[in-house]
Amino acid sequence: MIVWKELFWVTSTIGLFTLFRKIIPTRITRFIHPGVATMLTLIGILLIFNVPLDEYEKASRWISVFLGPAVVALAVPLARYWLMPEFSRIRKKILFISLISSFVGLSTGVFLARLMGASREVVMAVAPKSITSPIAIPLLERFQGPSELSAVLIFFIGVFGVMIAPFLFHIFKIESDIAQGYALGSAAHGLGTAVSFEKSEKSGAMATLGLGLMGVWTSLLFSIAMVLGAI
Amino acid sequence: MVLFFLILIFGWIPFDQAEESSVFFRRNLTLFFIPAGVLGLKYFSLLKEQGLALVVSACLSSVILMVVSGKMMR
C-alpha cells in the first residue's frame, strides 16, 4: 500500500515535469520554467486533496537523493571548461570575481536582514542563500542553524532569480552568454545553472563555475563570520 | 565536487568515462530540486511571521549580486 503511494508520487513528479518540458514552448520557459510549473501543480494537488506532507516527503526522497550526485556531476563541465584554452586567460579573473561575488552576496544579505529587524535565526537562514542547497544544508547544520528554512529560501531564491534574470539582463545590458551564465549560476545556483544549460553549453559552464566557486568561497566566508561572531 | 574537479583536472579519471555518467544528472538537474520546493509548504506558518524580512532581504541581495557579478564578468 505504502509502496504504491510512493510510486504514485514519484511517477507523478517525473511525469508532470516531462509533460511540462514537452508542452511549454522554449520561448516562454524563461518566464514559466517547467520545474516551477511542476512544483506549483504538485503544491496545488497536495492542498486540494489534503495529502499529508510526510507522505510526499517520504516518496520524494527517491528523487531528491539524486541532488547530491547531481552537484558532484557538475564538476565534469566545470573541469572541462576550466581546461579550455579560451578560458585560460580569465581563470584568475574568475577566481577573483567569484570571491567578490560571494562577499557581496553574503554581506548584503546579512546587512539587509539585520536592517529589517530579523532575528539571528533568520539572518543565519539568509546568509547562505546564494549557495547550492547540498552545500548550504550541511554547512548550516554544522553551526546549528535553521537548515530546513534555508533550504526553502534557497529554492525560492533560485526560482526568483530565474524569473527576474531576463529583466535585469535587459535593464543593465548584461548580454554575453558568459556574463549571463555566470550571474545566473552565482545568484540562482542550481536552478539558474539548469536554465543556463538550456540556453547554451558555454553559458551553462559559466553558471557551473559561478555556482561551484560561490559555494566554496561563501562556505569559507560564512564560517569565518560565524567564528568571529559577525553573524 | 571540488575533489572530483581536481581529479578531472589532473587527468586521473578519463573525461569520456566521467562525461557519460554525468550527462544523466545534468539533463534532469531541475527535476531533483522539485521535492525541496514542494516541501517548502511545511514552513508556511513560520514564513508568515518573519517571512517578509527573510524574503525581501534575500531577494534584494540576490538582485544586487546578479547585477554585480554580471557586470564584473562582462
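Protein chains get the first letters and strands the later ones, always in sequence-line order, with residue 1 at the start of each.
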Quiz item: Hey, mind stepping through A:Phe160 and B:Val63 against side-chain contact (heavy atoms from CB on, under 4.5 Å) and telling me if it holds?
Solution: CA-CA 9 Å; A:Phe160 171 77; B:Val63 167; 3.9 Å; yes

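- Only the side chain of A:Met214 has a heavy atom closer than 4.5 Å to any heavy atom of chain B.
- Looking at A:Ala59, neither its backbone nor its side chain comes within 4.5 Å of chain B, counting heavy atoms on both sides.
- Contact annotation for A:Gln180: neither backbone nor side-chain heavy atoms come within less than 4.5 Å of a heavy atom of chain B.
- With sequence neighbours left out, the salt bridge (Lys or Arg N to Asp or Glu O under 4.0 Å) criterion links A:Glu55 to A:Lys5.
- Ranked by heavy-atom pairs under 4.5 Å with chain B, the first of A:Tyr182, A:Phe169, A:Phe111, A:Phe156 is A:Tyr182.
- Summarising the geometry, atom CG belonging to B:Leu54 is positioned 10.5 Å from atom CD belonging to A:Glu121; distances are rounded to the nearest 0.5 Å.
- For the atom pair OG (B:Ser57) and CZ (A:Arg114), the distance works out to 11.5 Å, reported to the nearest 0.5 Å.
- Proximity of B:Leu65 to A:Ser101: side-chain heavy atoms (C-beta onward) are separated by under 4.5 Å at one or more points.
- Using a 4.5 Å cut-off between heavy atoms, A:Ala113 contacts chain B through both its backbone and its side chain.
- Using a 4.5 Å cut-off between heavy atoms, A:Ile63 contacts chain B through both its backbone and its side chain.
- Using a 4.5 Å cut-off between heavy atoms, A:Leu46 contacts chain B through its side chain alone, with no backbone atom that close.
- Counting only heavy atoms from C-beta outward, the side chains of B:Met73 and A:Ile174 never approach each other to under 4.5 Å.
- Comparing A:Ser130, A:Gly215, A:Ala127, A:Ala70 by how many heavy-atom pairs each has under 4.5 Å with chain B, the most go to A:Ala70.
- Ring pair A:Phe66/B:Phe24 is perpendicular by interplanar angle, where above 60° counts as perpendicular and below 30° as parallel.
- Between B:Phe32 and A:Ser64 there is no side-chain heavy-atom pair separated by less than 4.5 Å.
- Rounding to the nearest 0.5 Å gives a distance of 8.0 Å between CG of A:Leu153 and OG of B:Ser62.
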Quiz prompt | Check against side-chain contact (heavy atoms from CB on, under 4.5 Å), A:Lys129 and B:Ser61 | solution = CA-CA 9 Å; A:Lys129 58 124 189 37; B:Ser61 163; 2.9 Å; yes

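- For the atom pair OG1 (A:Thr13) and CD1 (B:Ile34), the distance works out to 7.0 Å, reported to the nearest 0.5 Å.
- Listed for the B:Lys71 side chain is a donor-acceptor partner under 3.5 Å among the backbone atoms of A:Phe172.
- Chain B forms more heavy-atom pairs under 4.5 Å with one residue of A:Tyr56, A:Phe197, A:Trp9 than with any other, namely A:Tyr56.
- Options A:Leu112, A:Ile14, A:Ile178 differ in how many heavy-atom pairs under 4.5 Å they form with chain B, and the most are formed by A:Leu112.
- Here the side chain of B:Gln50 pairs a donor or acceptor atom with the backbone of A:Ser119 at under 3.5 angstrom.
- Within the 4.5 angstrom heavy-atom criterion, no atom of B:Val23 approaches chain A.
- Taking CG from B:Leu60 and CE from A:Met116, the interatomic distance works out to 8.0 Å, rounded to the nearest 0.5 Å.
- Taking each heavy atom of B:Met72 and A:Lys93 in turn, the nearest pair found is O-CE, 4.1 Å.
- Taking chain A as the reference chain and counting heavy-atom pairs below 4.5 Å, the highest number among B:Ser22, B:Ala53, B:Pro35 is found for B:Pro35.
- Residue A:Ile157 touches chain B through its side chain alone, counting heavy-atom pairs closer than 4.5 Å.
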